[in-house]
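Written out below as structure tokens is the structure these notes cover.
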Amino acid sequence: MPATIVLTLSLLLWPCVVEPAAAQSGGRILVGLSGGVQSGAPPLTDHFEFERNVETATVDVKYPAKSAVLVDGSLTARVWKEIGAGVAVSQGTRSGSALVDARIPHPLLFQQPRTVAGSQSALNTAETGVHIYLAYAVRATRRLTVTPFGGPSFLHLARELVRDVTYNESYPYDAATFSSAPTRRATAGAIGVNAGVDLRWMFARSVGIGGLVRFTRATIDLSAGDRSLPVRAGGIQAGAGIRLVF
């Protein structure tokens, strides 16, 4: 779905004229390619239960915040005077861990749960954003252009969530030790917002470098089996890269 949105908007925006700062360089379309980082979303917590040994086992999971590696591509076109319209696609990827704290019922004694705690690593998260925006280009110097922008975003999140706990135990079963935390991959999307600024410095007629700062946010409900887990997606994105004017 994000790829279809990008293709459609790109075709619609292609005939337009770019913002004046780019036009003064003889171009019609501005393309930005950047790499950088995205701030980590707030720490996420989860709680679930399951039946074990004719009693109820409980599991609490904490996912610490961690920044992501960001890649970003944008296309901007002028629609009227200094006002431009554009679309950007960003993707942030990271691999983190989950802290697991479980209470597992005793197989022989009622109401005598054992504590099982551990950490599950290599949990992958990928967040893709399609950002539609209006921009206003301000030419600060002959080579430098500052462009604030803002608009709606569609954020799609794919994240691995802990779904169970495995453990080791032996007679007389008074203690159990953490083995692993099997996971499931949950995916969902939601509409949010974006706002930021792009700085462009042209060292040639059609080639320059630029810096990007964008804030984007949406709340996505991920399906975690029999429950829904609200996740705050987005954050502060910062990157730098090449800017091309055609």
Side-chain angles (χ1 to χ4, degrees), residues 1-39 68 70-92 127-156 189-220 232-246:
M1 181 177 179
T4 303
I5 295 175
V6 173
L7 178 59
T8 302
L9 289 174
S10 299
L11 292 175
L12 290 175
L13 292 174
W14 186 261
C16 301
V17 184
V18 219
E19 69 262 19
Q24 291 170 8
S25 297
R28 294 178 56 84
I29 298 294
L30 173 65
V31 175
L33 302 172
S34 300
V37 296
Q38 176 173 315
S39 64
L70 177 74
V71 292
D72 185 271
S74 63
L75 182 148
T76 307
R78 179 185 172 191
V79 293
W80 185 68
K81 293 187 177 180
E82 290 84 6
I83 299 175
V87 58
V89 178
S90 64
Q91 185 172 68
E127 180 184 303
T128 303
V130 178
H131 316 285
I132 302 170
Y133 55 86
L134 291 178
Y136 188 87
V138 179
R139 191 172 188 185
T141 69
R142 186 172 66 89
R143 294 183 179 273
L144 177 64
T145 301
V146 180
T147 307
F149 59 85
S153 292
F154 176 82
L155 299 183
H156 182 269
I191 295 177
V193 296
N194 74 84
V197 63
D198 186 271
L199 285 79
R200 180 173 78 255
W201 189 82
M202 303 298 293
F203 56 79
R205 182 177 179 84
S206 59
V207 181
I209 56 175
L212 166 73
V213 176
R214 177 194 296 121
F215 174 80
T216 182
R217 177 69 73 204
T219 298
I220 298 177
R232 290 178 62 185
I236 299 176
Q237 301 174 334
I242 193 169
R243 301 294 184 266
L244 302 174
V245 178
F246 299 98

- Heavy-atom nearest pair, Phe149 first then Asp198, reads CE2-N, 3.8 Å
- Task: Kindly indicate, with the supporting measurements, whether the criterion side-chain contact (heavy atoms from CB on, under 4.5 Å) is fulfilled by Leu244 and Val207.
- Result: CA-CA 5 Å; Leu244 302 174; Val207 181; 4.2 Å; yes
- Query: Is there a donor-acceptor pair closer than 3.5 Å between any side-chain N or O of Arg243 and the backbone N or O of Gly32?
  - Reply: no
- Note on the structure: Rounded to the nearest 0.5 angstrom, the OG1-CD1 distance for Thr219 and Ile191 is 13.0 Å
- Out of curiosity, Thr128 OG1 to His156 NE2, how far, rounded to the nearest 0.5 Å? 7.5 Å
- Main-chain N/O of Gly150 paired to Asn194 side chain as donor or acceptor, under 3.5 Å: no
- Query: What closest approach, in Å, do Leu33 and Gly73 show between heavy atoms, and which atom pair accounts for it?
  - Reply: CD2-CA, 4.2 Å
- Query: Just how far is it from atom CG of Leu199 to atom CG of Leu212, taken to the nearest 0.5 Å?
  - Reply: 9.5 Å
- Query: So do the side chains of Leu70 and Val37 get within less than 4.5 Å of each other, counting heavy atoms only?
  - Reply: no
- Heavy-atom pair with the smallest gap, counting every atom of Thr216 and Val193: OG1-O, 2.9 Å
- Message: Holding to side-chain hydrogen bond (donor to acceptor under 3.5 Å, both in side chains), I want the full list of residues that pass it with Gln38, two or more places apart in sequence or in another chain.
- Response: Glu127, Gln237
- Task: Please report the shortest heavy-atom distance between Ser34 and Gly239, naming the atom on each side.
- Result: CB-C, 4.4 Å
Would you be so kind as to tabulate the donor-acceptor pairs closer than 3.5 Å made by side chains of residues 130-138, with sequence neighbours excluded?
from   : atom 1 : to     : atom 2 : distance (Å)
His131 : ND1    : Ser153 : OG     : 2.7
His131 : NE2    : Ser90  : OG     : 2.8
Tyr133 : OH     : Thr76  : OG1    : 2.7

- Once you round to the nearest 0.5 Å, how far does CZ of Arg232 lie from CG of Leu155? 12.5 Å
- Using atom types as modelled and distance alone, determine if a side-chain donor or acceptor of Ser39 lies under 3.5 Å from a backbone N or O of Gly235. no
- Between CD1 of Ile209 and CD1 of Ile242, what distance do you get to the nearest 0.5 Å? 9.5 Å
- Message: I need the Arg214 CZ to Ser74 OG distance, nearest 0.5 Å.
- Response: 7.5 Å
